[in-house]
Student: 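Below is the structure I would like to discuss, written out as C-alpha cells.
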Amino acid sequence: MSADTDELRVWIDQDLCTGDGLCVQYAPEVFELDIDGLAYVKDDTGELLQAPGVRAGVPARLLLEVIDSAKECPGDCIHVVRVADDVEVAGPDALE
C-alpha cells in the first residue's frame, strides 16, 4: 500500500453531480469531467473510475484541494472518507 494515498479516499455520487467542474479546477489529478458532462474520480494512473461509488485514493499533496472541492461542490456530491474507519471527513455526510 502506498503511504501517499492510505489516509483518505474520495468518490462522487454522479446522480447528484451538476457538472460544474469545480472539482476539476481544484484537483485535476483526482477529478475529471467525462463526455457525459459529469465528474468522476481517477486512480493514481489517471484512469477514470466510472463504477458507481468507486473510491480513489487522495494523494497527500492534494489533500486540501480535494477537501475544498468537496466543500465547494454545488451538487454536494463529493465524499471524502477516512480509510481507517470509513468516516466522512468532507462532503454532504461529514460532521462539521
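Positions are given from 1, in the same order as the sequence printed here.
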Student: I'd like to check the side-chain contact (heavy atoms from CB on, under 4.5 Å) partners of A70; sequence neighbours left out, ordered by chain and number.
Tutor: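 side-chain contact (heavy atoms from CB on, under 4.5 Å) check on A70 returns I78, V80, A90.
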Student: Closest heavy-atom contact between G57 and P59?
Tutor: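 Nearest heavy atoms, G57 then P59: O-CD, 3.4 Å.
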Student: Test of understanding: clusters of I, L, V, M, F, W, Y form through side-chain heavy atoms closer than 4.5 Å, transitively. Do V41 and L22 belong to the same one?
Tutor: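 Looking at the clustering, L22 is in a separate group from V41.
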Student: Could you tell me which residues satisfy side-chain contact (heavy atoms from CB on, under 4.5 Å) with A27, sequence neighbours excluded, listed by chain and number?
Tutor: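 A27: side-chain contact (heavy atoms from CB on, under 4.5 Å) contacts with V30, F31, E65, V66.
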Student: Scan residues 47-85 for pairs that pass ring pair (Phe, Tyr, Trp, His ring centres under 6.0 Å), counting only residues two or more places apart or in two chains.
Tutor: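 Listed once each, the pairs are W11-H79.
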Student: With sequence neighbours excluded, tell me which residues meet side-chain contact (heavy atoms from CB on, under 4.5 Å) with L63.
Tutor: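 side-chain contact (heavy atoms from CB on, under 4.5 Å) list for L63, sorted by chain: L8, V58, I67.
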Student: Closest heavy-atom contact between C23 and S69?
Tutor: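 Heavy-atom minimum between the residues: CA-CB, 3.8 Å.
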Student: The criterion is side-chain contact (heavy atoms from CB on, under 4.5 Å); which residues satisfy it with D15, sequence neighbours excluded?
Tutor: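 Scan of D15 (side-chain contact (heavy atoms from CB on, under 4.5 Å), adjacent residues dropped) gives D13.
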Student: Tell me, please, which residues at least two apart from E72 pass side-chain hydrogen bond (donor to acceptor under 3.5 Å, both in side chains).
Tutor: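 Applying side-chain hydrogen bond (donor to acceptor under 3.5 Å, both in side chains) to E72 gives none.
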Student: Measure from the side-chain N and O atoms of E7 to the backbone N and O of R82, and report whether any donor-acceptor pair falls under 3.5 Å.
Tutor: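 Such a contact is absent between E7 side chain and R82 backbone.
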Student: Considering only residues two or more places apart or on different chains, which pairs with a residue in residues 16-37 satisfy salt bridge (charged side-chain N to carboxylate O under 4.0 Å, His left out)?
Tutor: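 Those involving residues 16-37 are E29-R61, E32-K42.
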Student: Would you mind listing the cluster partners of L48? Hydrophobic ones only (ILVMFWY), side-chain contacts under 4.5 Å, chaining allowed.
Tutor: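 L38, Y40, all in the cluster of L48.
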Student: Output all residues satisfying side-chain hydrogen bond (donor to acceptor under 3.5 Å, both in side chains) with D43, sequence neighbours left out; order by chain, then residue number.
Tutor: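 Here the qualifying residues are T45.
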Student: Between L49 and I12, is there shared hydrophobic-cluster membership here, with clusters defined by ILVMFWY side-chain heavy atoms closer than 4.5 Å?
Tutor: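 Yes, L49 connects to I12 through the hydrophobic network.
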Student: Give me the other members of the hydrophobic cluster that L16 sits in, counting Ile, Leu, Val, Met, Phe, Trp and Tyr linked by side-chain heavy atoms under 4.5 Å, directly or via other members.
Tutor: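 Listed partners: none, L16 stands alone.
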Student: So, R55 side chain and R9 main chain: donor-acceptor pair closer than 3.5 Å or not?
Tutor: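 Judged by distance alone, no pair lies under 3.5 Å.
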